[in-house]
Structures are given as structure tokens and as C-alpha cells.
Amino acid sequence: MIVTEERFEFGRNWEQFLTTLDDGQIRAATLSLESTLGANGLAGKSFLDVGCGSGLFSLAARKLGASVRSFDFDPRSVECARRLKERYFPYDDHWQIEAGSVLDGGLLASLGKFDVVYAWGVLHHTGAMRRAWESVASLVSHGGRLCISIYNDQGYVSQVWLMIKRTYQRLPRWMRPGLVAAVAGGLFARRLTISLAASGLRLCSLRNPLTPWINWLRESRGRRQRGMHRWYDLIDWVGGYPFEVARPEEVFNFFRSRGFELIYLTTQGGGHGCNEFVFRRVEAAGGPTASGGLSSP
């Protein structure tokens, strides 16, 4: 069990993020959600934002016409979402916000079913990830969609990340930015080395040496397209604890056995970051679609 003192202060980080939020980031988040769920994927639908964080994607869902319910374990995150609602949708009965945990059976029983359940980068921070998977699966209506992203299992590298996150939690607050900067510098140096080596190899084989750099820029642009902020993302990456990981096939097989079909997948190809999944509920657990699955490599 993870005690409160060991948890990363997600809400505190989201409060700082909101000081940087502008209309361009909100548009980016809205377009990101629209690209995941389709141009008309939310109009008139019910949307549950599990672990709503800053409230940015609850706001995006409401802008796209969904009836939104948001909750988060961290009181500061709940307050962040309420601030956004007060700013953009005051007195709106179609956006409800509350405190709560995805591991709270009483809360789950009171929620009902939703057309879209959105738990993006959340369930691996609960301290009981597979139990959280069960929870979100129970909240999706028949034909509804489940959108999740889960940290990729990199084996021993993931264990290194776990040590980094625990170290962050044990440091005095004033020392934590230094650790974030050191990790960021290490990641940059590693990527720079890889790109330089790839460029040299491509040049020797008479291929375009700029391709690795173009790919790097595209990846960076892709991270910005969700409306996030690089520095506060880094803080989350370095300090976000509890921290659990899973292989893509593990996530796929878990939800397939509970009556879901995979309709969208993006993986990290063995690297650090989150694998992204969108599932559709097609049968109850144990139904005709529950057989088969992906195999481990």
C-alpha cells in the first residue's frame, strides 16, 4: 500500500501547469481528443474523466459537446478542474467534478456507465494498476469506448525509473528541480548521441542524414500537440510515483478477456513513455470475443 506521504504531488504540479495554460494549448488538447475519438465522437455522449488532473481534457470533452463527469484522488487536481469549469463553463449542469479514487468501490457503484471512459496516464499511478483496470472496465457502456495510456514495460530500465522516482520523493523540495534538470539533460544527451550516430550511418550509405533529426522534431511536436507543457511533463516523468508498467500485449489481453476490442494503438517501440489504447466494449466478460489474444515476443 502507498501512503499519502510517498505519493507525488500531482495536483501541485497541475496547479503550476495551469499558470501557463493558454487558448492555443486548449485548442491543441481539443484537437487531440477529437483525433482520438473522431470528429463527432463526443457530441451528445457521456464522458468520464478518471483522474482528471488539471481538468484540461474534461474541458476539451465539454467543448466537443459531451456531458462530462470528472474526478480525481488529489484535492488540488479537483480544484484545478473546478477553476477551469468556472472560467469556461460556469453554472453548467453538464460538467460535474468531485473528489474520488478509481479504487473506491462505493464511488464506482454510484457512477453508472459511460459512452467514453478516459483514463490517460492515470491508472499506473494508483498503486494498484490491475485493480484500476478492472474498475474502468466496469464503467464502460455496451458499445462505449475506453481510452487509456499505460507506461511501457522496459524491464530493468523501468526499474531504474522507479528508483529515480523514489529518489525524487525523498529529496528536499528545493533539490527536486535539480534532479529533473539532470534527468532531462541525460535524456537529451542520449537522444543527441543516437541521432548523430544514425546521421553518420545514413551519410555513409548515401541516404539523407537529416532524417533522424526530422523524426526527433516530429516526436517533440507530437508531445506538444496534446496541449501539455514540456517542463511540467518532465516533473511528472521524474517524480510521478506510484509507478507501474505493462507490456502492450498484457494490456490488450486483459481487456480483450473482458469483452473489449482494440480499435486504436500506439506503442513506444520498447522505449520510455506510454503505450496508448482505445478499446470498444463489444461483449460482456467471457463473451464470444474473449478468446485468443496477443502473445509475448
Problem set entry | Spacing of CZ belonging to F47 relative to OG belonging to S58, to within rounding of 0.5 Å | 6.0 Å
Exercise. Relative to each other, are the rings of W14 and F17 parallel, tilted or perpendicular (30° and 60° limits)?
Worked result: perpendicular
Exercise. Is it the case that one hydrophobic cluster holds both L31 and V278, taking links as side-chain heavy atoms less than 4.5 Å apart, direct or via other members?
Worked result: no
For this session: Please check if the side chain of R176 supplies one atom and the backbone of L171 the other of a donor-acceptor pair under 3.5 Å.
Result: yes
Exercise. For the residue pair V117 and L139, what are the closest heavy atoms and their distance?
Worked result: CG2-O, 3.7 Å
Problem set entry | Presence of salt bridge, R130 and E250, under 4.0 angstrom | yes
Problem set entry | V183 side chain reached by Y168 side chain, heavy atoms, under 4.5 Å | no
Exercise. Cation over ring, R145 on Y264, under 6.0 Å and within 45°?
Worked result: no
Problem set entry | H142 side chain near K113 side chain, heavy-atom distance below 4.5 Å | no
Exercise. Are any of the side-chain heavy atoms of V68 and S70 separated by less than 4.5 Å?
Worked result: yes
For this session: Taking ring-ring contact (aromatic ring centres under 6.0 Å, His included) as the test, write out the residues that go with Y88, two or more places apart.
Result: none
For this session: Taking T20 for its side chain and Q16 for its backbone only, find out whether a donor-acceptor pair lies under 3.5 Å.
Result: no
Problem set entry | Test item: H125 side-chain N/O and F243 main-chain N/O as donor-acceptor pair under 3.5 Å | no
Exercise. About how many Å separate OG1 of T126 and CD of E244, when rounded to the nearest 0.5 Å?
Worked result: 6.0 Å
Exercise. Between F260 and F255, what is the ring plane arrangement, given parallel below 30°, perpendicular above 60°, and tilted in between?
Worked result: perpendicular
Exercise. Which atoms form the tightest heavy-atom contact between V102 and A132, and what is the distance?
Worked result: CG1-CB, 4.0 Å
Exercise. So with a 6.0 Å cut-off around CG of D93, is the heavy-atom count from everything else above 12?
Worked result: no
For this session: Check salt bridge (charged side-chain N to carboxylate O under 4.0 Å, His left out) between D92 and all other residues, then give those that pass, not counting sequence neighbours.
Result: R62
Exercise. Does a side-chain heavy-atom distance below 4.5 Å link L84 with L18?
Worked result: yes
Exercise. Do M175 and L179 sit in the same hydrophobic cluster, where Ile, Leu, Val, Met, Phe, Trp and Tyr count as joined when their side-chain heavy atoms come under 4.5 Å apart?
Worked result: yes
Exercise. Taking the side chain as C-beta and beyond, is there a heavy-atom pair between V50 and F71 under 4.5 Å?
Worked result: yes
For this session: Test I26 against K63 for side chain to side chain contact (heavy atoms under 4.5 Å, CB included), laying out the working first.
Result: CA-CA 10 Å; I26 294 171; K63 282 181 170 288; 3.7 Å; yes
Exercise. Yes or no on side chain to side chain contact (heavy atoms under 4.5 Å, CB included) for N152 and T267, after CA distance, side-chain angles and deciding distance?
Worked result: CA-CA 8 Å; N152 189 40; T267 69; over 6 Å; no
For this session: List the atom of C52, the atom of D72, and the distance in Å for their closest heavy-atom pair.
Result: N-OD2, 3.1 Å
Problem set entry | Min side-chain heavy-atom separation D104-F73 under 4.5 Å | no
Exercise. Just wondering, do Q154 and V160 contact through their side chains at under 4.5 Å, heavy atoms?
Worked result: no
Problem set entry | Within-4.5 Å side-chain heavy-atom neighbours: L59 and W95 | yes
For this session: Would you verify whether the NZ or CZ of R258 falls within 45 degrees of the ring axis of F254 while also being under 6.0 Å from that six-membered ring's centre?
Result: yes
Exercise. So, D115 versus S46: side-chain donor-acceptor pair below 3.5 Å or not?
Worked result: yes
Exercise. Is the Y151 ring parallel, tilted or perpendicular to the H124 ring (thresholds 30°, 60°)?
Worked result: tilted
Problem set entry | Identified side chain to side chain contact (heavy atoms under 4.5 Å, CB included) counterpart of I148 within the set W120, F277, Y118 | F277
Exercise. Side-chain heavy atoms under 4.5 angstrom apart, residues restricted to Ile, Leu, Val, Met, Phe, Trp, Tyr: same cluster for V157 and W237?
Worked result: yes
Problem set entry | Heavy-atom pair with the smallest gap, counting every atom of L107 and S101 | CD2-O, 3.6 Å
Exercise. Are F10 and F8 close enough that their ring centres sit under 6.0 Å apart?
Worked result: yes
